[in-house]
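Working notes for the structure below.
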Amino acid sequence: MRYGRLIGALLIAPTCAALTMAGCARVPFRDVEESYDQVVEHKTVPLEGAEELRARIEMPAGELKLRTGSAAALDAEFTYSRPAWQDPVVEYSVESSVGVLSVTQPKLDSGIEMVGPAHGIWDIGLTPDVPLDLALKLGAGRSSLDLSHLNVRSLNVLTGAGVTTVDLSGPRAADVGAVITAGVGELTVRVPSGIGVRISTLGGGIGEFSAEGFSKDGDTYVNDAYASGEVKIQVTLHRGIGKASVVTVD
């Protein structure tokens with residue numbers, strides 16, 4: 001009995017730490033019969049002559065779909081329900097030819113339910129026309145980050161609890177540096193087959209980790225194209241609790 005309690009405590013402690021790090025709060029469930037007002041909001045933010053884009057996205061709960069957009073800095077659709085969710089806050093400015101974009105969610109109603117009619121969905125398109133430095137802070141939910149045709153230069157992803165896919169495949173004209181800190185759940189990182197990729201795993205993590213087609217040297221994994229490739233993708237992965245995998249795609 002004591003042994004079982006000890007194991008439980010060891011598993012719970014890092015889980016709480018990961019959720020705290022990701023900014024997740026305790027979210028009680030609301031009666032599913034309660035009515036909500038469905039809102040679908042479209043936002044487009046012109047690039048306004050910026051030659052680079054620095055974007056920060058913070059979503060504490062819900063579903064995030066990140067994709068290639070138009071020539072605008074931001075082309076997005078937000079689906080959410082009142083009173084559980086408030087309007088997302090979008091801010092943009094151009095500073096010395098750098099576009100600075102922020103998309104954040106105000107504090108959620110303490111009674112929001114994680115699924116059902118109050119479930120928030122963000123469909124966010126970013127421009128592929130300029131170099132992109134992207135930072136994401138994600139809470140609980142599902143996130144699909146399709147960066148395959150975005151001109152990503154640097155990437156920083158902090159996940160909370162749920163399922164996250166980070167797609168770094170596609171053509172790359174310049175090096176990419178990425179830091180991914182996994183919380184609790186399932187993480188998949190997609191990388192291209194013809195570009196040199198190096199994965200550095202930090203922190204032991206709890207759960208399964210796989211990187212098919214990579215050679216392992218200590219805590220570092222490299223693919224066959226890494227030694228001779230002119231363009232490289234460097235990924236630093238801080239593993240959390242759950243399954244993490246690196247998948248190579250053509």
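The basis for the numbers below is simple: all heavy atoms, side chains too, and nothing from hydrogens, waters or symmetry mates. This chain uses plain numbering: 1 for the first residue, then up along the sequence.
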Where Ala182 and Leu187 come nearest, the two heavy atoms and their spacing: CB-CD2, 4.0 Å

Nearest heavy atoms of Leu47 and Ala71, plus distance in Å: CB-O, 3.9 Å

Single-linkage hydrophobic cluster Val231~Tyr226, side-chain heavy atoms < 4.5 angstrom: no

Over 12 foreign heavy atoms within 6.0 Å of NZ, Lys232: yes

Between CG on residue Leu145 and OG1 on residue Thr164, distance to nearest 0.5 Å: 6.5 Å

Least distance between heavy atoms, Asn223 atom then Ile195 atom: ND2-O, 2.9 Å

Leu64 with Val163, same ILVMFWY side-chain cluster at under 4.5 Å: no

Heavy-atom check, side chain of Phe209 versus side chain of Arg239, under 4.5 Å: yes

Smallest separation among heavy atoms of Pro106 and Val89, with atom names: CG-CG2, 3.8 Å

Stepwise side-chain contact (heavy atoms from CB on, under 4.5 Å) test for Leu147 and Leu66: CA-CA 8 Å; Leu147 312 177; Leu66 184 64; 3.7 Å; yes

Side chain proximity check, Val98 to Leu53, heavy atoms < 4.5 angstrom: no

Side chains of Val189 and Ile180 in contact at under 4.5 Å (non-hydrogen atoms): yes

Residue list, ring-ring contact (aromatic ring centres under 6.0 Å, His included) with Tyr92, at least two apart or on another chain: none

From CA spacing to verdict: side-chain contact (heavy atoms from CB on, under 4.5 Å), Gln38, Thr79: CA-CA 7 Å; Gln38 185 84 359; Thr79 303; 3.1 Å; yes

Check: Ser210 main-chain N/O paired with Ser245 side-chain donor or acceptor under 3.5 Å: no

Shared hydrophobic cluster for Val94 and Val103 (ILVMFWY, side-chain gaps under 4.5 Å): yes

Of all pairs that satisfy salt bridge (charged side-chain N to carboxylate O under 4.0 Å, His left out), the ones with a partner from residues 46-61, not counting sequence neighbours: Glu52-Arg153, Arg56-Glu58

Gap separating the CZ atom of Arg198 from the CG atom of Asp217, nearest 0.5 angstrom: 9.0 Å

Any donor-acceptor N or O pair under 3.5 Å, side chains Glu41, Tyr80: yes

Tyr221 side chain reached by Val197 side chain, heavy atoms, under 4.5 Å: no

Residue pair Ile57 / Lys137, side-chain heavy-atom distance below 4.5 Å: no

Donor-acceptor pair between Ser154 and Asp133 side chains, under 3.5 angstrom: yes

Close side-chain approach of Thr236 to Leu202, heavy-atom, < 4.5 Å: yes

Residue pair Gly69 / Pro128: nearest heavy atoms and the distance that separates them: O-CD, 3.8 Å

Residues in side chain to side chain donor-acceptor pair (under 3.5 Å) contact with Ser144, at least two apart in sequence or another chain: none

Where Val130 and Asn151 come nearest, the two heavy atoms and their spacing: O-CB, 3.5 Å

Straight-line distance of Ile121 CD1 to Lys65 NZ, nearest 0.5 Å: 5.5 Å

Under 3.5 Å: donor-acceptor pair, side chain of Ser148, backbone of Asp167: no

Co-membership, hydrophobic cluster, residues Leu237 and Val222, 4.5 Å side-chain: no

Co-membership, hydrophobic cluster, residues Leu150 and Val249, 4.5 Å side-chain: no

4.5 Å side-chain heavy-atom contact, Leu168 and Leu155: yes

Residues Ser93 and Glu95: side-chain donor-acceptor under 3.5 angstrom: yes

